[in-house]
Amino acid sequence: MRNRWVARLAAFVAAGFLLANTGSAYYYYTYFNSTSPPYTPIVAQYDLSTLNNNTVPFFVSSAGPTAMYPGDSMAAMVSQMSAAANVWNGVSTSTIRLAYGGFFNPGTTETAPGIQIEFSDDIPPGLLAYTIPTVFGNLATGPNGTFLPIFLSLMELPTNMVGVFNGPSYSEEFFVTLVHEFGHCMGLQHTLASSVMSTIITSSATKAVPLGADDIAGISLLYPTAKYLSTVGSIAGTVTMNGNGVNLASVVAISPSNQAIATLTNPDGTYVINGIPTGKAGLSYYVYVHPLPPPSQGEGSPDNIYYPHNSAGVYLPPNTGFATQFYPNTLDPNNQAQTITVTAGQQYPDAINFNVNPVSSPGVSSVQTYSYFDSAYMRTAPILYGQSTPTPIAAVGVGLVQTINSSTGATAPAPGLSVSMLGTAAQINNLRAYPPPNQTFIAVNAMATLPRPGPEHLLFSTPGNLYVLPAGFSIVLNPPPAISALSQTQDGNGNPAVQITGQQFTANTQIWFDGLPATIQSQSSTSLVVTPPLAPAGYSAAVVALNSDGQSSLFLNPSASGYTYAPGIASAVAANPSLVVSPSTIPAGGAVTLTVQGSNTNFVNNLTTVGFGTSDVQVTNVNVQDATHLKVTVTPNVSISSANITITTGLEVISQAVGSQVSATDPAQQ
Amino acid sequence: MMRKLIVLAVAAASLAFLPDSHLSASTLQRLSLTDMIQKSTMIVRGTIQPGNSAALRGSIIYTHYQLSVTTAFKGAPGPTIDVAVPGGALNGFQQPVAGAPTFTPGQGYVMFLWTSKSGLTQVIGLSQGLFSLTTNSQGQLTVFRGAASEPMVDSSGQSVTDSNFQMPLARLVSDIQAVLAGGVIQ
């Protein structure tokens, strides 16, 4: 494998840029094919024309993690990975899709695009995961211009999962991290819009609502559907300081009732914010510019952004020494900022330009917030509308406090600091610092004044500067859902089902058994009757309730309820399945249909998936004959010395080696 | 297909130089000082020697630096430690990893190091376990790192972990000793 990689990488280095494109810079992996203006960004992305049904297969190392939380399993983990991939698949304005392609044997190399998820023991504590998209140097040209094709993305997860994430594979943190890393795999970089592609410091993503408007815009602009650009609007302009363009300034469109959409400026300060939701009649936004924050602990660059570079190979670092500014040239968005009305399919006719002011201090940055509810601190800081007492919101970040007693370490809010919000959906007051040993925290009280559920944006004002935290807290109309008990029951047709007792269940509540949703049969605010997804007898699943306001039953109780599929109870299928695949040798060239005969299997049409752990064996069709027979059509493009066939039905994952059964098909390789 | 791709790449060789072929992004989990003391396998004071080397490990490049150890606060290292940093340059190509630590030869550091089961020694938490040594205005040796850690707090503002990011070396050493002895940081 090593020699193959070296050869491949050396080839990349020898390559270069061929053509220009017309795309706008966003927060992608960006290159410029010149060293001077005009800067035309070229971004890294998958070449959909090389993919089957625009689908990037992802493969999971068969080695698996060496340690997992008690009760966790590889099948459960894979189901969460598939669910995280499905989050991106649910973006209707994007054409790219992700699909689980089975387990791969460590050392497998790919000649077709794909994603490999590995469990590495080289990931040190303090690093949850990282992703390395690998790109070819030869450019491709697609309908949206020239781009740099991503060939293989490596997602590295720790081999010892215990204690790394704040819980098993069903945890909020693991799931949101997976969604985030899949975003990197497809070509998205970090953003500062508090969406899932933000760093973990400011991310407001949750398992129930992982994607923000910025994520949707980001992926949709990279892989747009035919009509996407006609449904969104854009704002363009230039950011300058002392007459010079500002590189990598973050320009954000935001409003009290809309989530933030952000982009980064080109080296000459030009920018285009595209993908702005407009509604049918147009929507109004404020626009502001702010610098990338200083690197936080453990970060090697501001926001851990991978800098763009130009055709000379020079990396282009950000200009960060300026103050935030709302358009037009104000630090008071609520009273002095001008709204920009964006309409579908159009760019706002006037350039929204900024001439920013230099500052010597970076001010407030990288703030993380929590709200306190029912004896628990919660990320994303939800506050409940209709409460008679305010909800504390705690915040930690750079520039929030000053030390007032060096011997005790006691702090006070930073000089001149005030905290407010964009709009009037809540009252924010009583700013104070926490006593030691939590003196780096400040807190404010928040009380919702409007029954408008959704994210709200916090403003941290200091003399001459302003820090905006999009989605700094959220207003919710109900507490988080809670699950108190599971029991066997029957649905309205007399079929075995599971009754879930708890609180705050709504018509939009989803119940997940590990990474798969159950079918809701009936619902009240305190009880749900569900049909669980299929799983083999003896399988234990974690059961989690997810509400459409972003809250889950893990908010108040990070330990999920467990459900064991005992033989004969709801959705339990036979254990110990096995497979026989024929023919044992795949003839060379073209599509091949394999017959799979199972024992103790439960194949279901449109539910059962088949993968071979490599992008070199593309699965083009799966036809289930009955519970124990299916036919799978594949188009292998190189010889495979060994592979696994992985068949997934619900939470049942069957994987076994097919070894030499998949063999040479490409005469050129022989 | 593989052969075709390589041919295409070589055909473009006379055009502009592409300095890197891998792009990285990471998800960090902030570590408290107590976390780092407990989870590191070695805690040492030392200086980085000039020069480095790069090697491919799997499909990822690591750059290796030699750390001359002057004091070990945890673990029993030899006089030098091979410290690996993900990313680097090899055979004319680069593989930068965002967030990876950078060293200045001759600069004094306190490093919280972690050795994987397969023997790779890295700074814990990408850059989180890297503290620069400086002398403050009172002549005290001080350790410094960029920003605070991320403790959670309870309703009364009490709990969890410390958030020190700059302190006298002597204080850091006493904190290390306290945690290793099973105590807590005061």
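A, B, ... follow the sequence lines: proteins, then strands. Residue 1 opens every chain. Heavy-atom basis, side chains included; hydrogens, waters and symmetry copies ignored.
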Results of side-chain hydrogen bond (donor to acceptor under 3.5 Å, both in side chains) for Gln38(B) - residues two or more places apart only
none

List the atom of Ser118(B), the atom of Asp122(A), and the distance in Å for their closest heavy-atom pair.
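Reported closest heavy-atom pair: OG-OD1, 3.2 Å.
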
Gly126(A) to Gln128(B) - nearest heavy-atom pair and separation:
O-NE2, 3.2 Å

How long is the straight-line distance from OG of Ser120(A) back to NZ of Lys117(B), given to the nearest 0.5 Å?
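The distance works out to 12.0 Å.
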
How would you list, by chain and number, every residue that makes a side-chain contact (heavy atoms from CB on, under 4.5 Å) with Thr115(B), sequence neighbours excluded?
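Thr115(B): side-chain contact (heavy atoms from CB on, under 4.5 Å) contacts with Thr41(B), Met42(B), Thr121(B).
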
